[in-house]
Amino acid sequence: MASSYPYYNAGGIPVVQGQAVSAPAVPVPSSNATHGDYQQHQEFHGEKQPNTCKDWIWAVLFYCHLIVVAFATIYSVPKMTADIAADMSGGGYGRRLDEIVTSGSQIFFSWRKLEEQQEEDDVVSLEMSTILVILAVAGCAGLAISTGALTFMMAFPKPLIKASLFFNLVCIGIMGISALAAGAIFLFVMTAIMFMFNVAYTYAVWPRIPFAAANLVTAVSVIRNNMGLVFFAYNNMIVTFLWSIWWAIAFASSTYVLSGCNAEGVCENDVNGFITFLFFLSFYWTAQVIKNVVQCTVAGTTATWWLFPHEANSCCSQGVRDSYWRSITTSFGSICLGSLIVAIIQATRELVNSIRNQDDSNGLLLCIADCILSCLESMAEYFNKWAYVYVGIYGYSFMEASVNVMNLFKSRGWTAIIADVLVDTVLLMVSAGVGLLTGILAVLVATAMGQGATTLFAAFLLGMLVGFVLCSTLFSLVSSAVNAVIVLFAEAPREFQQNYPELSQEMLTAYRSAYPDEFVY
């Protein structure tokens, strides 16, 4: 007999990302739900999709674009390096990369002629040995503190969410006071308006804090039970860094060749704007794909944890491995398509900003264009994050996932619920706190290694950056898990009740209190 439950196929087998897995969990009806409520809850749900490659043409296009970038690198880099080498040897002088100099938060390269080596430059700098020790200590401390912060968030979710709302108000207040002190009246007025809007927002969402806290606790539980996800998150961070270096080399060398530049930096012509746009598109598209592979992996893992705890309850669980494999194979084309939509907007915005820096005559129009593009970017990323949950769970194509997940929320009356971003604010605040701690630790390390007082600010910034980046990378998993938890709570509350009764009861109670009109369970 065909099952009517959202997560079952025609044979009554639960489905995760288009694949039937294990034996079905026994549904546990809620004692608070009437028959009419349950029928309303069943109006829309995701369905099993064939286990085939979706949107595969976009995956092919993505790989082809990487081949083009590789060709541009191979063709342009030798030409540029040959010209520079000839110029360096022909003039009788050699140049070398003297040192990485740190002044405040800016790292810059100091070049000097070999014949004119003199005494040490009068520049405040950290010794390389100190930089390496700070990176190692801040990195280890950042990982440890971030992992400990997961436990802290589970213990105190409501106070953290309340604190994050006040954190927003304090930050805006500091901006307003700074603007007033600097005599920037217009900026002060804008920050005052922002402050009033945030006060109203805080008042409006205050009753919803328990539900957001329950979502946060559940999402953190997913990550703590599947810490293998952390490996993929940090691995993708490294891949993004390496991609940035590759792209920068390809872009610089291609611009050098196409512009007819020489080693002195004098160019005969400008690069075609369309080529510049394509390079920007390449950078943002690849960065988005790398990030969204992790989002889909987290969604698939969360669904497995939700339905079958024994398959997603260890560091390198089957749920983690299978979800990642699907994200880079059958669902990769869908990820590429959604990423391309956002990347086109980002690349266009980057091009507009470049034109603004070179042309002051149309500053107002370009500012308006940038504002519109910023709004479009935010909207695209907002809808994408929900679409990727359905891609990661059911294996839908990108367009089908976008439509179906929104239909799910509309059928539940949840359009207001998914608009809340309380958890993301908490994650940002805690990441900033971790960065502050690692920054202080870096100052202690620099002091212990005999660095002067003038270098301590640079040490603080370096340590803070390392801690913030590592913590943000880990917490991006929590943010993705929160999105998946909300979708799964709308789709499969009975499985949640059976497998995790305490978490389920907490979420149901908070949901009933925060959204009494939408409560149907």
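Here the structure is a predicted model, which is why all the values come from computation and not from measurement.
- Contact record, V391 with Y396: CG2-O, 3.7 Å, taken as the closest heavy-atom pair.
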Evaluate the side-chain contact (heavy atoms from CB on, under 4.5 Å) criterion for residues T297 and V293: first the C-alpha distance (whole Å), next the side-chain angles of each, then the deciding distance (0.1 Å), finally the verdict. CA-CA 6 Å; T297 302; V293 163; 4.2 Å; yes
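- For the pairing with I172, the side chain to side chain contact (heavy atoms under 4.5 Å, CB included) check across F167, F195, F197 returns one residue only, F195.
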Go through L477 and V294 one step at a time and tell me if the side-chain contact (heavy atoms from CB on, under 4.5 Å) criterion holds. CA-CA 8 Å; L477 299 176; V294 176; 3.5 Å; yes
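- The two residues I145 and V434 make their nearest non-hydrogen contact at CG2-CG2, 3.8 Å.
- Between I209 atom CD1 and L160 atom CG the span is 11.0 Å, to the nearest 0.5 Å.
- Using bins of under 30°, 30° to 60° and over 60° for the plane-to-plane angle, the ring pair W306/F496 lands in the parallel bin.
- Using a 3.5 Å distance cut-off with no hydrogens or angles, the side chains of N353 and E350 do not pair a donor with an acceptor.
- Atom NE2 of H65 and atom CG of L340 lie 9.5 Å apart (nearest 0.5 Å).
- Among all heavy-atom pairs drawn from L143 and T147, the shortest one is O-OG1, 2.8 Å.
- Taking CG of L216 as the reference point, atom OG of S221 lies at 9.0 Å (rounded to 0.5 Å).
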Before you tell me yes or no, could you show the steps for D322 and Q318 under side chain to side chain donor-acceptor pair (under 3.5 Å), namely the whole-Å CA-CA distance, both residues' side-chain angles and the distance that decides it to 0.1 Å? CA-CA 6 Å; D322 291 350; Q318 179 182 342; 3.3 Å; yes
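- Counting non-hydrogen atoms of neighbouring residues, nucleotides and ligands closer than 6.0 angstrom, the CH2 atom of W243 exceeds 12 such neighbours.
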Would Q295 and N292 satisfy side chain to side chain donor-acceptor pair (under 3.5 Å), going step by step from the backbone distance to the final call? CA-CA 5 Å; Q295 284 198 43; N292 293 329; 3.2 Å; yes
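- Nearest approach of S323 to G300, heavy atoms of both residues: OG-C, 3.1 Å.
- No donor-acceptor distance shorter than 3.5 angstrom exists from the side chain of S259 to the backbone of Y256, with no hydrogens or angles considered.
- In this structure, CD in Q288 is found 11.5 Å from SG in C336, a value given to the nearest 0.5 Å.
- Within the 3.5 Å criterion, the main-chain N or O of G395 finds no donor-acceptor partner in the side chain of S331.
- At least one side-chain heavy atom of N215 sits less than 4.5 Å from a side-chain heavy atom of M507.
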Kindly indicate, with the supporting measurements, whether the criterion side-chain contact (heavy atoms from CB on, under 4.5 Å) is fulfilled by I335 and S327. CA-CA 8 Å; I335 294 172; S327 296; 4.2 Å; yes
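- The closest donor-acceptor contact from the side chain of S472 to the backbone of V469 lies at 3.5 Å or more, if one exists at all.
- Considering OG1 of T304 and NE2 of H310, their distance stands at 10.0 Å, rounded to 0.5 Å.
- Contact annotation: the side chain of F457 approaches that of L461 to within less than 4.5 Å [non-hydrogen atoms, C-beta and beyond].
- The closest donor-acceptor contact from the side chain of T191 to the backbone of L187 lies under 3.5 Å.
- Looking at N235, its side chain never comes within 3.5 Å of a backbone N or O of F231 through a donor-acceptor pair.
- For the atom pair K54 NZ and T330 OG1, the distance stands at 6.5 Å (nearest 0.5 Å).
- Side-chain contact between F251 and S76 is absent, with no heavy-atom pair separated by less than 4.5 Å.
- Judged by distance alone, with hydrogens and angles left aside, the side-chain atoms of S164 form a donor-acceptor pair with the main-chain N or O of I161 at under 3.5 Å.
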Verify side chain to side chain donor-acceptor pair (under 3.5 Å) between S334 and D55, making sure each step is shown before the conclusion. CA-CA 5 Å; S334 302; D55 299 314; 2.8 Å; yes
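- Looking at M429 and F166, their side chains never come closer than 4.5 Å, going by heavy atoms from C-beta outward.
- With respect to L135, the side chain to side chain contact (heavy atoms under 4.5 Å, CB included) criterion is satisfied by exactly one of V466, T130, L465: V466.
- Two residues are said to be in side-chain contact when any heavy atoms from C-beta on lie closer than 4.5 Å; W246 and F283 fail this criterion.
- Contact of the K162 side chain with the W206 side chain is registered, since non-hydrogen atoms from C-beta on lie closer than 4.5 Å.
- Scanning both residues, V487 and L408, for their nearest heavy atoms gives CG1-CD2, 4.0 Å.
- Between the side chain of N226 and the backbone N or O of A312, at least one donor-acceptor pair lies under 3.5 Å.
- K158 places no side-chain N or O within 3.5 Å of a backbone atom of F156 that could act as its donor or acceptor partner.
- Heavy atoms of other residues, nucleotides or ligands lying less than 6.0 angstrom from OH of Y234 number more than 12.
- L422 has its side chain out of reach of V426: every pair of non-hydrogen atoms, C-beta onward, lies at least 4.5 Å apart.
- For S282 against W247, the heavy-atom pair with the smallest separation is OG-CD1, 4.1 Å.
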Kindly determine whether F332 and Y63 satisfy ring pair (Phe, Tyr, Trp, His ring centres under 6.0 Å), including the steps that lead there. CA-CA 11 Å; F332 190 70; Y63 286 124; 5.5 Å; yes
Show your reasoning for whether side-chain contact (heavy atoms from CB on, under 4.5 Å) applies to Y284 and I345. CA-CA 9 Å; Y284 287 115; I345 300 173; over 6 Å; no
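- Counting only distance, with no hydrogens or angles, the side chain of N236 and the backbone of I290 share a donor-acceptor pair below 3.5 Å.
- A donor-acceptor contact shorter than 3.5 Å is absent between the side chain of W58 and the backbone of G338.
- You'll find the side chain of F398 reaches within 4.5 Å of the side chain of I341, heavy atoms only.
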